[in-house]
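To keep things clear, I will list the structure first and then write my remarks on it.
In listed order, ligands and their atoms are each counted from 1. Start at 1 with the first residue, then count along the sequence.
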Amino acid sequence: MPEVPRILIIGGGVAGYPAAIRASRMGAEVTLIERDAIGGTCLNWGCIPTKALLQSASVVRTMKSAETFGIRCHGYDVDFGAVMKRKDSVVSRLTRGVSALLKAGKINVVQGTATFVDSKTVQVNETGVKIRADAILIATGSKPGSIPVEGIDGPDVMDSKQALSLTSLPASVVVIGGGVIGVEFAQFLAAMGTRVTILEMMPGLVPGVDREVASLLEKRTIMSGIDVVTGASVKGIARMGAHNVVTYTVGDKTATASAEKILLTVGRRPDFSPIDVDRVGVRHENGAIVVDEHMQTNIPGIYAAGDVVGGIMLAHLASAEGECAVKNILGTRDAMSYRAVPSCIYTSPEVASVGLTEEKAGQSHDIRVGRFPFRANGKAVVLNDLEGMVKIISDGTSGEVLGVHIIGPHATDLIAEAVLGMRKQMTAGDFAHTIHPHPTLSEAIMEAAMTLTGGAIHVP
Ligand code: NAI
């Protein structure tokens, strides 16, 4: 590498932009090419805007329960336009912040679509300008998946990005796919007043999540007034008057669900279509770019990070991979570990997990499972947020924590402690014997660990 290496990063999402900032702080000359908006899916059409919308849904829930706290509200109205406007202002504040950081790092941001010319050069399609670099990081992200059924290209069928641009609240929506995005959107729309049906192919919502936790979330989703159909195989969508009718089967029975709009949330897949990796021989398998633990592809000097490498597609993991890639490019050896990657669902109640589910852990270990319900936690009682629990799975012999699953208030913030503990290979005893502040929700983690090490105080 030359004294000041030139690094080119394709894609300004949560894999690409933190990598650009890290590389510039490590002394590289960095160019970042982005064809759309800095911040990528996460900031513009994913994590951030959906969480902003869910915060509005949370305000609705607070209004509905205000009387419990001694506050009488005389009704409320949803101003959907204002809800969407607030979401936009949250996004623009954060994207402006990222742009300022890129500027401060003297990162050369190029607007355009990159295509490989050779393994050290890309061309910006819109301008024809060629950019050479000593190393290239592909961080082009993912796009929504689809399903091959009739009517899927209809005008009322939206993906999550299109749903974020709705200008009026639909009276009814059928959500196809009851995964993370599907359930988050379903809960937001239902809180705003939309009639929502979820059609999920698998036997339960949010497949992949610890089954006990997932079924609690499913129960709460149904209780909030959302129709949930599991084991549903969608056969087609037809427009009938002002409505769209989705035909599906469950077992050998055929049924229909109709709505003004259809939201398709059946997963995302890596997207590197415009950059022509085949021209330079970058290996890809099953639609994802193949990398080693240092995030390097089979072509020396070409790295990839984030959703484009497939596997777990989460923003925080993408950032970690992007930083890992540039550290390796710049000579600091670093290797990715996927042992302690948290995943979060911002529903009501929130869900957050790290490590193995009970089902998975039980296949390879002799396990012990500790649970502590939020209804026995003082802070949860103060908040009047009693639903849910912390569940800790440990190895029966060593006591090492193998997985932590939280469903309940602020689960997505609470999980960070468990991530650190798992990263450091801590035991249930380490969690149980750590003094936690009182009164906090975090005590539920300590007490769940205590159930594995002599018993929790606040359950009989
Ligand atoms: P997902 O993989 O979580 O869920 C897709 C769901 O669609 C699955 O439950 C699947 O069984 C179902 N499905 C697939 N084909 C179907 C069909 N033909 N009919 C009915 N159901 C069908 O994918 P999702 O929700 O689209 O999210 C995409 C990615 O974005 C995921 O990797 C997710 O982890 C990430 N993400 C994470 C968030 C978070 O951490 N809070 C929020 C949003 C997205």
Side-chain angles (χ1 to χ4, degrees), residues 13-15 40-55 141-152 157-164 174-188 197-209 211 214-215 217-218 221 227-237 246-250 255 257 262-271 287-288 306-319 338 341-354 406-407 411-413 415-416 419:
V14 285
T41 301
C42 172
L43 249 71
N44 296 285
W45 310 287
C47 323
I48 295 296
T50 53
K51 265 78 267 178
L53 295 181
L54 284 161
Q55 186 56 30
S142 61
K143 60 183 172 195
S146 190
I147 50 173
V149 298
E150 203 167 321
I152 204 74
V157 182
M158 323 174 274
D159 60 25
S160 55
K161 184 175 178 181
Q162 291 156 335
L164 286 164
V174 170
V175 178
I176 301 177
V180 182
I181 300 183
V183 180
E184 286 186 355
F185 263 102
Q187 288 203 358
F188 162 67
T197 305
I198 302 176
L199 302 178
E200 165 56 45
M201 180 175 75
M202 301 298 280
L205 292 183
V206 290
V209 172
R211 277 301 86 200
S215 54
L217 175 64
E218 184 168 327
T221 303
D227 284 332
V228 175
V229 184
T230 53
S233 173
V234 172
K235 300 298 172 197
I237 303 166
V246 184
T247 303
Y248 62 92
T249 57
V250 178
I262 310 295
L263 175 59
L264 191 62
T265 53
V266 292
R268 295 181 64 88
R269 45 197 170 85
D271 183 17
D307 284 6
V308 78
V309 303
I312 309 169
M313 293 194 194
L314 292 172
H316 41 272
L317 181 62
S319 298
Y338 294 86
V341 180
S343 72
C344 300
I345 316 178
Y346 295 79
T347 39
S348 171
E350 288 190 348
V351 172
S353 313
V354 60
I406 309 177
I407 177 164
T412 59
D413 292 306
I415 199 69
V419 181

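Taking atom 13 (N) of ligand 1 as the reference point, the nearest protein heavy-atom neighbour is Val266 CG1, 3.9 Å. Summary of contacts: the protein heavy atom closest to atom 21 (N) of ligand 1 is Met201 N, 3.2 Å. Protein heavy atom in closest approach to atom 26 (O) of ligand 1: Gly267 N, 2.9 Å. The nearest protein atom to atom 39 (C) of ligand 1, hydrogens excluded, is given as Cys344 O, 3.0 Å; this is a heavy-atom distance. The protein heavy-atom contact nearest to atom 6 (C) of ligand 1 is Gly179 N, 3.6 Å. Annotation: atom 7 (O) of ligand 1 to nearest protein heavy atom, Gly177 CA, 3.3 Å. When hydrogens are left out, the protein atom nearest atom 3 (O) of ligand 1 is Val180 N, 3.3 Å; that is the closest non-hydrogen contact.
Taking every heavy atom of Ile147 and a limit of under 4.0 angstrom, the matching atoms of ligand 1 come to 18 (N). Close approach of ligand 1 to Pro207 is summarised as follows: ligand atoms under 4.0 Å from at least one heavy atom of the residue are 9 (O), 11 (O). Listed by number with element, the atoms of ligand 1 under 4.0 Å from a non-hydrogen atom of Met313 are 32 (O), 34 (O), 35 (C). Within ligand 1, the atoms closer than 4.0 Å to a non-hydrogen atom of Leu314 are 34 (O), 37 (C), 40 (O), numbered from 1 in the order shown. Every atom of ligand 1 with a heavy atom of Ile176 under 4.0 Å away is listed here by number and element: 19 (N), 20 (C). In summary, the atoms of ligand 1 found under 4.0 Å from a heavy atom of Met202, numbered by their order in the structure, are 11 (O). Close approach of ligand 1 to Leu199 is summarised as follows: ligand atoms under 4.0 Å from at least one heavy atom of the residue are 20 (C), 21 (N). Those atoms of ligand 1 that come under 4.0 Å of a heavy atom in Tyr346, given as number and element, are 41 (N).
Scanning all heavy atoms of the two residues, the minimum distance from Trp45 to Leu164 falls at O-CD1, 3.2 Å. In terms of heavy atoms, Ser142 sits closest to Met313 at CB-SD, 4.0 Å. When all heavy atoms are compared, the tightest approach of Ala214 to Val206 is CB-CG2, 3.7 Å. The heavy-atom pair separating Pro342 from His316 by the smallest distance is O-NE2, 2.6 Å.
Here the OG-CD1 distance, from Ser353 to Ile345, works out to 7.0 Å after rounding to the nearest 0.5 Å. Summarising the geometry, atom OG1 belonging to Thr41 is positioned 7.0 Å from atom NZ belonging to Lys161; distances are rounded to the nearest 0.5 Å. From Glu184, atom CD reaches atom OG1 of Thr265 across 10.5 Å, with rounding to the nearest 0.5 Å.
Within 6.0 Å of CD in Glu150 there are 12 or fewer heavy atoms belonging to other residues, nucleotides or ligands.
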Does the side chain to side chain contact (heavy atoms under 4.5 Å, CB included) test come out yes or no for Thr221 and Ile198, once each step is laid out? CA-CA 10 Å; Thr221 303; Ile198 302 176; 4.3 Å; yes
What do the steps show when you test Ile176 against Ile237 for side chain to side chain contact (heavy atoms under 4.5 Å, CB included), and what is the final call? CA-CA 11 Å; Ile176 301 177; Ile237 303 166; 4.1 Å; yes
Decide side chain to side chain contact (heavy atoms under 4.5 Å, CB included) for Leu217 and Leu205; before the verdict, give the C-alpha distance in whole Å, the side-chain angles of both, and the deciding distance to 0.1 Å. CA-CA 8 Å; Leu217 175 64; Leu205 292 183; 5.6 Å; no
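Both the backbone and the side chain of Ile181 come within contact range of ligand 1, each with a heavy atom under 4.0 Å.
In terms of N/O distances under 3.5 Å, ligand 1 is not approached by Ile345. In terms of N/O distances under 3.5 Å, ligand 1 is approached by Glu200. At under 3.5 Å, not a single nitrogen or oxygen of Arg268, backbone or side chain, sits near a nitrogen or oxygen of ligand 1. Polar contact check, Val206 against ligand 1: no nitrogen or oxygen pair lies under 3.5 Å apart.
At a cut-off of 3.5 Å, with distance as the only test, a side-chain donor of Thr412 or Glu350 sits close to an acceptor on the other residue.
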